[in-house]
Amino acid sequence: MIEIDAPLEVEQTAEHVVRVTYDRPDAMNAYNEPLLRGAVEAFERLDDRDEVRAIVLTGAGDAFCAGVDLNDMPLTPEMDFAEYETGLGLFQNVVRTIRGIETPVIAAVNGYALGAGCDTALACDFRIVSDEGVIGETFIDVGFVPGDGGAFLLPRLIGEERAKELIFTGKKLAGEEIVEWDLAREQVPADDLLEAAASFASELAGRPPIALGQSKRLVNESFDVDLERALEDATRAQRICSQTADHEEAVAAFQEDREPEFEGR
């Protein structure tokens, strides 16, 4: 598939579906600089490949991503503001990239997703959690704020009051409780997690990829624009989709009462 000099693995698991696995299990897949940079590179390179239509993100071992590696941090309080801004930007770029690429990303939360790891999971388009999954905005426990997009993403997913409760208290949600708080589409047994994520990824990969990517962009950008701008953006996106072979195939398949075969063009 692709090789990246970083502690993560990239492998194709089904047609048009790729799994990215953070591979620092001894550190609970906590972020250090190589993993932060490698994650951004992996998502960007996969998004550039037409044959990749859905990405599953998970972690090796017992954790999804436990936040920042306190033994190998890419930023320290002693830095001047410009250096600190650059260091924090490494974390923010992961969220920015997941949100910005057109390929849908599904977080398969197999264990702890805390702090920056929680924000990464929130940035994904969908979350499927195992019965061992734990999600928490735990920044408050170390006197921090959600620095990687969590304060933006969480209220949009679960509402302001519930978001404030999680952020202000550092409360961790586990298993089915994550679904009850509307932070995951489903919870499955740990042994079934990757299969469930791959199955849903394959379902998405079977949809027309250009229309899917344009839809993701429209939804994500809708938070930052008014209705008139959203309608203008939708018009441009619809025009793009109307000129694709996938649109022609969808119409032909409907008229011929058969399943469409999308090619991503």
Side-chain angles (χ1 to χ4, degrees), residues 6-8 20-40 42-43 57-79 83-99 105-130 132-158 160 162-175 177-178 181-184:
L8 56 78
V20 175
T21 304
Y22 287 176
D23 193 19
R24 303 190 71 223
D26 293 341
M28 299 181 71
N29 302 311
Y31 280 124
N32 62 1
E33 185 168 346
L35 180 54
L36 289 165
R37 293 188 183 277
V40 170
F43 291 126
L57 173 63
T58 194
D62 298 327
F64 177 79
C65 174
V68 61
D69 187 341
L70 296 178
N71 297 314
D72 191 8
M73 292 181 66
L75 70 166
T76 65
E78 293 76 21
M79 293 177 171
E83 291 177 310
Y84 195 89
E85 187 176 35
T86 299
L88 188 56
L90 295 174
F91 293 86
Q92 295 170 346
N93 283 343
V94 176
V95 169
R96 186 179 288 115
T97 302
I98 293 172
R99 296 280 293 181
V105 183
I106 302 164
V109 181
N110 54 307
Y112 286 115
L114 305 177
C118 174
D119 286 351
T120 297
L122 297 181
C124 295
D125 301 293
F126 303 94
R127 285 149 299 281
I128 298 176
V129 299
S130 81
E132 298 175 0
V134 178
I135 288 180
E137 287 282 10
T138 52
F139 294 93
I140 198 73
D141 294 343
V142 292
F144 272 3
V145 301
D148 322 302
F152 174 89
L153 297 166
L154 197 56
R156 288 161 172 78
L157 289 168
I158 63 174
E160 179 181 328
R162 297 180 102 193
K164 285 179 177 176
E165 180 177 348
L166 295 186
I167 293 170
F168 292 2
T169 67
K171 175 182 175 69
K172 302 180 186 71
L173 305 176
E177 193 176 25
I178 300 171
W181 277 64
D182 296 325
L183 282 175

Checklist entry - Any side-chain heavy-atom pair from Tyr31 and Phe91 closer than 4.5 angstrom? => result yes

Next on the checklist: I'd like to know if the side chain of Thr58 pairs up with that of Asn110 as donor and acceptor (distance under 3.5 Å, no hydrogens or angles considered).
Outcome noted: yes

Checklist entry - For the residue pair Phe64 and Ala113, what are the closest heavy atoms and their distance? => result CD2-CB, 3.7 Å

Next on the checklist: Within this structure, what is the CZ-CG distance for the pair Arg99 and Asp125, rounded to the nearest 0.5 Å?
Outcome noted: 7.5 Å

Next on the checklist: To check you understand the geometry: which heavy-atom pair defines the closest contact between Ala6 and Gly38, and what is its length?
Outcome noted: CB-CA, 3.6 Å

Checklist outcome for this item: Taking every heavy atom of Gly150 against every heavy atom of Pro155, the minimum-distance pair comes out as O-CD, 3.9 Å

Checklist entry - Considering only heavy atoms from C-beta outward, does the side chain of Leu36 approach that of Val94 to under 4.5 Å? => result yes

Checklist entry - Does a side-chain heavy-atom distance below 4.5 Å link Leu157 with Asp182? => result no

Next on the checklist: Are the side chains of Thr120 and Leu57 in contact, using a 4.5 Å heavy-atom criterion?
Outcome noted: yes

Item to check | Trp181 vs Glu165, side chain to side chain contact (heavy atoms under 4.5 Å, CB included): CA-CA, chis, key distance, verdict | outcome: CA-CA 11 Å; Trp181 277 64; Glu165 180 177 348; 3.6 Å; yes

Enumerate donor-acceptor pairs with a distance under 3.5 Å from any side-chain N or O in residues 140-149 to protein atoms, sequence neighbours excluded.
none

Checklist entry - Within a strict 4.5 Å, meaning less than it, do heavy atoms of the Lys172 and Ile135 side chains meet? => result no

Next on the checklist: Does Ile106 form a side chain to side chain contact (heavy atoms under 4.5 Å, CB included) with Arg127? I'd like the steps, not just the answer.
Outcome noted: CA-CA 6 Å; Ile106 302 164; Arg127 285 149 299 281; over 6 Å; no

Item to check | From Thr138 atom OG1 to Leu114 atom CG, the distance as rounded to the nearest 0.5 Å | outcome: 4.5 Å

Item to check | Pairwise distance CG(Leu70) to CG(Asn32) - rounded to 0.5 angstrom | outcome: 12.0 Å

Checklist entry - Can you check whether Asp23 reaches Leu35 side chain to side chain, under 4.5 Å on heavy atoms? => result no

Checklist outcome for this item: For Ala123 and Val95, the nearest pair of non-hydrogen atoms, with its separation, is CB-CG1, 3.8 Å

Next on the checklist: Just verifying a value: how many Å separate Leu183 CG and Cys118 SG, rounded to the nearest 0.5 Å?
Outcome noted: 7.5 Å

Checklist entry - So, Asn29 side chain and Ala63 main chain: donor-acceptor pair closer than 3.5 Å or not? => result yes

Checklist entry - Under the side chain to side chain contact (heavy atoms under 4.5 Å, CB included) criterion, do Val134 and Ile178 qualify, and how do the steps go? => result CA-CA 8 Å; Val134 178; Ile178 300 171; 5.7 Å; no

Checklist entry - Heavy-atom count around Phe139 CZ within 6.0 Å, excluding the residue itself: above 12? => result yes

Item to check | Point-to-point distance, once rounded to the nearest 0.5 Å, from CD1 of Ile167 to CD of Glu160 | outcome: 10.0 Å

Checklist entry - Do Glu33 and Leu90 come within less than 4.5 Å of each other through their side chains, counting heavy atoms only? => result yes

Item to check | Closest heavy-atom pair and its distance - Leu8, Ala39 | outcome: CD2-N, 3.6 Å

Item to check | Minimum side-chain heavy-atom gap Asp119-Gln92 below 4.5 Å | outcome: no

Next on the checklist: Under 6.0 Å from the ring centre and within 45 degrees of the ring axis: does the NZ or CZ of Arg24 meet both conditions for the six-membered ring of Tyr22?
Outcome noted: no

Next on the checklist: Walk me through whether Lys171 and Glu177 qualify under salt bridge (Lys or Arg N to Asp or Glu O under 4.0 Å).
Outcome noted: CA-CA 12 Å; Lys171 175 182 175 69; Glu177 193 176 25; 3.6 Å; yes

Checklist outcome for this item: One should read off an interatomic distance between Phe152 CZ and Leu122 CG, to the nearest 0.5 angstrom, of 12.0 Å

